[in-house]
Amino acid sequence: MKRIFNKKNTAAPPDSGAVLAELDNEQNEMAPGLRSLYSPQLTTARSRFRDVVDILAKQELLTGEQVEAIRDERRKSGQKVETLLEGYHLSHEQILAAKAELYGYAFRRIEPDEVDKTAFGALDLKYIRANRLLPIAVQDNTLTVGTSNPANVFAIDDLKRQVGMTVDIVVCLDEDIDTVCDALDDNKFDYNVDEFVSDLDDIELVQDSEDDIEDLEKSAGESPVIKFVNYVLSNALHEGASDIHIEPKEKNTKIRYRIDGVLFDSMQAPAKMHAAIVSRLKIMANLDIAERRVPQDGKIAVIMGGRGVDLRVSVLPTSHGEKVVIRLLDSKSILLGLDKMGMQPRLLEAFTEEIACPHGILLVTGPTGSGKSTTLYSALAQMNSQTLNVSTVEDPVEYNLEFCNQVQVNEKAGLTFSAALRSLLRQDPDIIMIGEIRDSETARIAVQAALTGHLVLSTLHTNDAPSSVSRLVNIGLEPYLIAASLNGILAQRLVRRLCGNCKEPFTPPDNLRKYLELGKIEPHELLKGKGCDQCRDSGYAGRSGIHELLIVDDAFREMINTDSSVNNMRRAFRKSGWPSLFEDGMAKVKNGITSIDEVLRVTEADGLDPAAFSHNASG
């Protein structure tokens with residue numbers, strides 16, 4: 001629709017030129033002749049700043065030298081300011097908040113429970129997702145709308161025409177818009193589980209779909225078995241589960257979800273229908289439905305909630321039938337950003353400096369399920385993939401990432417970690433991520449890559465950061481090679497966060513008092529989740545990381561060369577001033593993020609020696 005405005009009546013406010021100037025930096029660049037057609041809404045004081053860089057400098061997130069470097073580079077290359085800012089270790093939230101200030105909008109985080117469902121229903125879900133315009137609330141004929149792209153003035157203008165009321169804009173993150181859309185999507189599966197179970201008495205095995213990627217919503221009207229399996233999968237994603245366990249028992253089939261690292265009972269199905277459920281999953285994963293005596297592994301690509309999700313399927317014969325475990329690999333949940341990992345500010349700053357090193361080895365350690373892959377992927381995402389060659393070697397490649405080249409290990413074909421690494425070194429890499437250092441050969445090639453000018457990121461399975469050095473020695477690396485190549489070690493665990501809806505003050509038993517003294521926590525500061533409908537009566541919702549960072553400086557290098565025993569490295573780490581896993585966890589207990597039980601569960605602190613404990617700064 002053409003809209004003709006009287007230029008005289010729609011003249012821009014005196015200082016809105018700053019806003020229009022910034023529009024030239026955005027993807028939705030306006031030609032000079034269009035500037036008279038729209039005057040951006042200024043909801044706060046007029047901007048005194050030329051662009052986002054000015055605001056970041058005012059907030060002391062950029063130095064004067066960095067500001068000049070960015071401006072010089074923009075004049076030379078013509079790149080967008082946001083693209084140039086990627087190399088300065090600023091979070092997307094910091095940049096977007098600065099952009100909001102530039103445009104005269106407020107910046108805020110949006111949670112699903114803050115959104116008025118009536119307001120949300122004013123716009124079509126596809127329109128919300130496509131235009132990144134999220135209705136939040138309606139009051140006095142004013143619609144509050146969140147957007148992650150305040151420069152898209154034409155979309156905002158179109159929204160005003162659609163709703164026919166005053167629109168108040170706030171700026172929010174893309175991930176908040178997606179989270180709200182997922183939570184309030186009325187088109188999710190709405191099945192009656194009891195009807196499923198009754199319908200399962202009369203089932204037929206179904207034929208495989210012709211499409212590799214199956215849309216669960218489109219197949220929702222199929223046979224009871226298909227509908228039941230679809231419900232199990234979609235409900236697991238909605239609940240935030242990382243794994244689904246389908247376990248055959250003598251009288252029924254038990255289905256459990258792993259949520260925040262803990263298994264919860266979800267539902268049951270009749271035992272006589274277990275074989276049909278397993279066969280359906282095998283068909284989806286292209287496995288042999290006739291073979292029930294040996295383990296099988298496969299994968300499924302499905303569409304749930306309007307986005308693609310990969311499922312890894314493992315089938316194992318047991319005494320009552322085949323047990324199936326399905327891991328949900330949702331790329332939306334893996335790329336959290338380092339600022340969302342729960343790192344203390346001081347530790348986050350130091351870790352960010354480590355991943356900015358041009359060469360060396362940086363290790364992330366912890367047991368299975370401690371979030372090591374998430375940390376590594378988030379670190380890779382923060383690097384400038386447009387100017388760097390980023391490559392990974394993984395077994396398996398669980399998440400497909402656009403910003404790097406991923407190699408899948410295939411030992412049957414001879415493509416081992418070490419063989420893939422040798423080839424990668426001939427591919428002119430800048431940064432290499434190795435899924436895990438498992439053997440001496442892989443470790444030696446990683447050291448070789450680090451010593452020849454490459455940054456190598458990898459993982460180890462160790463209990464803490466100091467013991468990683470001894471593990472590398474035990475693998476077969478000489479101490480002088482470790483000392484020369486190792487930059488730092490990050491150990492981490494995941495603790496469950498207290499449910500914000502039901503956490504309450506907690507009086508600790510006497511056996512926890514010694515830990516409170518070690519963590520310098522007063523008993524009245526303790527909180528515990530009571531349990532409610534929102535957290536499945538567990539008292540916890542979501543997870544956060546606890547970390548310890550060992551930075552290998554000259555003193556550590558000398559120590560590695562002379563005595564790299566675990567006890568010696570731990571003593572040196574305690575003297576370094578960085579918090580241990582236990583100390584970082586207790587800092588989160590003090591801040592009401594998690595419980596002391598959770599910290600003790602993941603740090604195995606029952607054997608902690610109080611005499612050896614040092615109250616390090618927690619950042």
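Just so we're clear, the structure is a prediction, and the values are computed from it rather than from any experiment. The residues of the chain are indexed from 1 along the displayed sequence. Values below: all heavy atoms of this structure, side chains included; hydrogens, waters and symmetry mates excluded.
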Query - Derivation and outcome, salt bridge (charged side-chain N to carboxylate O under 4.0 Å, His left out), residues Glu436 and Lys372 - result: CA-CA 10 Å; Glu436 181 185 352; Lys372 300 187 298 295; over 6 Å; no
Query raised in the report: Between the side chains of Glu394 and Gln406, does any donor sit under 3.5 Å from an acceptor?
Result: yes
Query - Heavy-atom side-chain proximity of Thr392 to Ile432 below 4.5 angstrom - result: no
Report summary line: Residues at least two apart in sequence or cross-chain that pass salt bridge (Lys or Arg N to Asp or Glu O under 4.0 Å) with Arg293, listed by chain then number, are Glu291
Requested in this report: Using only heavy-atom distances, determine whether the side chains of Thr442 and Asp439 contain a donor-acceptor pair under 3.5 Å.
Outcome: yes
Query raised in the report: So Arg132 and Asp174, salt bridge (charged side-chain N to carboxylate O under 4.0 Å, His left out) or not? Walk me through it.
Result: CA-CA 7 Å; Arg132 316 314 290 168; Asp174 258 327; 2.7 Å; yes
Report task. Measure the spacing between CD of Glu441 and CZ of Phe417 and express it to the nearest 0.5 Å. Result -> 12.5 Å
**Report entry** Distance-only donor-acceptor check, side chains Tyr540 and Ser595, under 3.5 Å
**Finding:** yes
Query raised in the report: Taking C-beta and beyond as the side chain, do Glu114 and Arg108 meet within less than 4.5 Å on heavy atoms?
Result: yes
Query raised in the report: Does Ser314 use its side chain to pair, donor to acceptor, with the backbone of Asp297 at less than 3.5 Å?
Result: no
Requested in this report: Indicate yes or no for a side-chain donor-acceptor contact from Asp265 to the backbone of Arg256 under 3.5 Å, with no hydrogens or angles considered.
Outcome: no
Requested in this report: Before giving the answer on side chain to side chain contact (heavy atoms under 4.5 Å, CB included), spell out for Leu329 and Leu311 the whole-Å C-alpha distance, their side-chain angles and the decisive distance to 0.1 Å.
Outcome: CA-CA 6 Å; Leu329 304 174; Leu311 311 175; over 6 Å; no
Requested in this report: Please report the C-alpha distance between Gln162 and Tyr127 in whole Å, then the side-chain angles of each, then the deciding distance to 0.1 Å, and finally whether the side chain to side chain contact (heavy atoms under 4.5 Å, CB included) criterion is met.
Outcome: CA-CA 11 Å; Gln162 282 199 48; Tyr127 181 88; 3.1 Å; yes
Query raised in the report: Checking His274 side chain against His320 main chain: does a donor-acceptor pair fall under 3.5 Å?
Result: no
Requested in this report: Enter the distance from Ile593:CD1 to Leu498:CG here, rounded to the nearest 0.5 Å.
Outcome: 9.0 Å
Requested in this report: Apply side chain to side chain contact (heavy atoms under 4.5 Å, CB included) to the pair Ile156 and Ile169, showing each step before the final yes or no.
Outcome: CA-CA 9 Å; Ile156 295 172; Ile169 298 294; 4.0 Å; yes
Query raised in the report: What is the distance from atom CG of Leu237 to atom OH of Tyr257, rounded to the nearest 0.5 Å?
Result: 10.0 Å
Query raised in the report: So does Arg438 pair up with Asp395, basic N to acidic O under 4.0 Å?
Result: yes
Report summary line: In short, Ala137 meets Asp116 closest at the heavy-atom pair CA-CB, 4.1 Å
Query - Criterion salt bridge (charged side-chain N to carboxylate O under 4.0 Å, His left out) on Glu93 and Arg109, from CA distance to verdict - result: CA-CA 9 Å; Glu93 184 171 337; Arg109 298 300 303 268; 3.3 Å; yes
Query raised in the report: Got Ser266 and Asn235 here, is their nearest side-chain heavy-atom distance under 4.5 Å?
Result: yes
**Report entry** Minimum-distance pair of heavy atoms, taken over all atoms of Ala419 and Gly414
**Finding:** CB-O, 3.6 Å
Requested in this report: Could you go through the salt bridge (charged side-chain N to carboxylate O under 4.0 Å, His left out) check for Glu598 and Arg543 one step at a time?
Outcome: CA-CA 11 Å; Glu598 272 295 287; Arg543 289 192 287 180; over 6 Å; no
**Report entry** N-O pairing of Arg129 and Asp178 below 4.0 Å
**Finding:** yes
**Report entry** Test item: His461 side-chain N/O and Pro367 main-chain N/O as donor-acceptor pair under 3.5 Å
**Finding:** no
Query raised in the report: Do the side chain of Asp260 and the main chain of Gly542 share a donor and acceptor less than 3.5 angstrom apart?
Result: yes
Query - Ser458 side, atom OG; Ile437 side, atom CD1 - distance, nearest 0.5 Å - result: 4.0 Å
Report summary line: Smallest heavy-atom separation, Cys181 atom then Ile128 atom, equals SG-CG2, 3.6 Å
Report task. Search all heavy atoms of Arg258 against all heavy atoms of His245 and return the closest pair with its distance. Result -> NH2-NE2, 4.2 Å
Query raised in the report: Just by modelled atom types, is the Glu411 backbone N or O under 3.5 Å from a matching donor or acceptor in the Thr416 side chain?
Result: no
Query raised in the report: Going from CG on Leu134 to CD1 on Ile177, what distance comes out if it is rounded to the nearest 0.5 angstrom?
Result: 5.5 Å
**Report entry** Atom pair OG/CD of Ser279 and Glu322 - distance to nearest 0.5 Å
**Finding:** 7.5 Å
Report task. Provide the closest heavy-atom pair for Ser544 versus Lys588 in the form atom of the first, atom of the second, distance. Result -> OG-CE, 3.7 Å
Query raised in the report: Are Thr459 and Thr365 side-chain neighbours, meaning at least one heavy-atom pair lies under 4.5 Å?
Result: no
Query raised in the report: Do any N or O atoms from the side chain of Gln408 and from the backbone of Val397 form a donor-acceptor pair under 3.5 angstrom?
Result: yes
Query raised in the report: Under 4.5 Å between any side-chain heavy atoms of Ile355 and Phe351, yes or no?
Result: yes
Requested in this report: Please check if the side chain of Thr253 supplies one atom and the backbone of Lys249 the other of a donor-acceptor pair under 3.5 Å.
Outcome: no
Report task. Answer yes when Glu247 and Lys254 have at least one side-chain N-carboxylate O distance shorter than 4.0 Å, and no when they do not. Result -> no
Report task. Determine, step by step, whether Val170 and Val145 satisfy the side chain to side chain contact (heavy atoms under 4.5 Å, CB included) criterion, reporting the C-alpha distance in whole Å, the side-chain angles of both residues, the deciding distance to 0.1 Å, and the verdict. Result -> CA-CA 6 Å; Val170 298; Val145 176; over 6 Å; no
Query raised in the report: If only atom types and distance count, is the side chain of Asp430 paired as donor or acceptor with the main-chain N or O of Asn389 below 3.5 Å?
Result: yes
Report task. Check whether any side-chain heavy atom of Ile95 sits under 4.5 Å from a side-chain heavy atom of Lys99, and report yes or no. Result -> no
Query - Heavy-atom neighbours of Asp533 CG exceed 12 at 6.0 Å - result: no
**Report entry** Heavy-atom pair with the smallest gap, counting every atom of Arg493 and Thr462
**Finding:** NH2-O, 4.2 Å
Query raised in the report: So do the side chains of Ile300 and Val313 get within less than 4.5 Å of each other, counting heavy atoms only?
Result: yes
Query raised in the report: Side chains of Leu233 and Met284: closer than 4.5 Å at any heavy-atom pair?
Result: yes
Query - Donor-acceptor contact present, side-chain Asp288 to main-chain Ala290, <3.5 Å - result: yes
